Amino acid sequence: SQTIHQWPATLVQPVGSPLSLECTVEGTSNPNLYWYRQAAGRGLQLLFYSVGIGQISSEVPQNLSASRPQDRQFILSSKKLLLSDSGFYLCAWSRGQGETQYFGPGTRLLVL
Amino acid sequence: AQTVTQSQPEMSVQEAETVTLSCTYDTSESDYYLFWYKQPPSRQMILVIRQEAYKQQNATENRFSVNFQKAAKSFSLKISDSQLGDAAMYFCAYAVRFGAGTRLTVKP
């Protein structure tokens, strides 16, 4: 069976500090991978998606970046965090475009 | 542009009763999937039900069913025999586009 992991679960970071959130998928190969951000009580905003190693598409211009160094690893990064980067970050995978997405447990990020 | 709209920010239902959550979407595609996801207080997103657009038959999963109206681009979720554990945020989704969500409260 397939599983998806995200870490850390919770992160408190000062403004201007770097960020690295990691997501890994097990039990499948060549998945589509996604990073979403969810503000409190709101819907999901797609940040990045990837259809293969090294292939990253960005939805929203911002100070975040994503990388996919391995087939089942997806990393969300920032060189300098802003207060507005606070939120709940979800990683997801799917077998193909437009298909069912399976979500990780999420990371709560608080930037102070 | 692909958009998903949920017009009910909050809904409430009595335990054991039936509730319907509404969703409309916009697309120019003819073949696609639509989804309802549930997000309980733990914030873990869970797939509730999926509908394939080329299928005329509405999808059902136990107490959950959909009313899919392709021409109207409407995709509502019906929860029958509501249980306390159904209390959550519900999101309608088309591909990577999600609605704003409906918070469902279940009253004992």
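Just so we're on the same page: letters track the sequence lines, and every chain starts at 1. Because the structure is predicted, anything quoted here is derived from the model rather than measured. Values below: every heavy atom of this structure, side chains too, minus hydrogens, waters and symmetry copies.
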Looking at side-chain heavy atoms only, is the closest gap between [X] and [Y] below 4.5 Å?
| X | Y | value |
| --- | --- | --- |
| Ser65(B) | Asn58(B) | no |
| Tyr33(B) | Thr100(A) | no |
| Val60(A) | Arg37(A) | no |

Which region of [X], side chain (C-beta onward) or backbone (N, CA, C, O), has a non-hydrogen atom less than 4.5 Å from a non-hydrogen atom of chain A, or is it both or neither?
| X | value |
| --- | --- |
| Glu29(B) | neither |
| Phe91(B) | side chain |
| Arg43(B) | both |
| Tyr94(B) | neither |

Can you tell me how far [atom2] of [Y] sits from [atom1] of [X], rounded to the nearest 0.5 angstrom?
| X | Y | atom1 | atom2 | value |
| --- | --- | --- | --- | --- |
| Arg68(A) | Cys23(A) | CZ | SG | 9.5 Å |
| Gln8(B) | Ser22(B) | CD | OG | 4.0 Å |
| Lys70(B) | Gln51(B) | NZ | CD | 10.0 Å |
| Asn30(A) | Arg72(A) | CG | CZ | 10.5 Å |

Residues of residues 79-98 of chain A with any heavy atom under 4.5 Å of a heavy atom in chain B: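 Within residues 79-98 of chain A, near chain B: Phe88(A), Leu90(A), Gly98(A).
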Listed by residue number, which members of residues 9-17 of chain A have a heavy atom under 4.5 Å from any heavy atom of chain B? none
Counting heavy-atom pairs under 4.5 Å to chain B, which of Gln45(A), Arg42(A), Gln101(A) comes out on top? Gln101(A)
Go through Thr3(B) and Asp26(B) one step at a time and tell me if the side-chain hydrogen bond (donor to acceptor under 3.5 Å, both in side chains) criterion holds. CA-CA 5 Å; Thr3(B) 58; Asp26(B) 189 25; 4.6 Å; no
Verdict with supporting geometry, Tyr37(B) and Phe103(A), ring pair (Phe, Tyr, Trp, His ring centres under 6.0 Å): CA-CA 10 Å; Tyr37(B) 290 92; Phe103(A) 289 83; 5.5 Å; yes
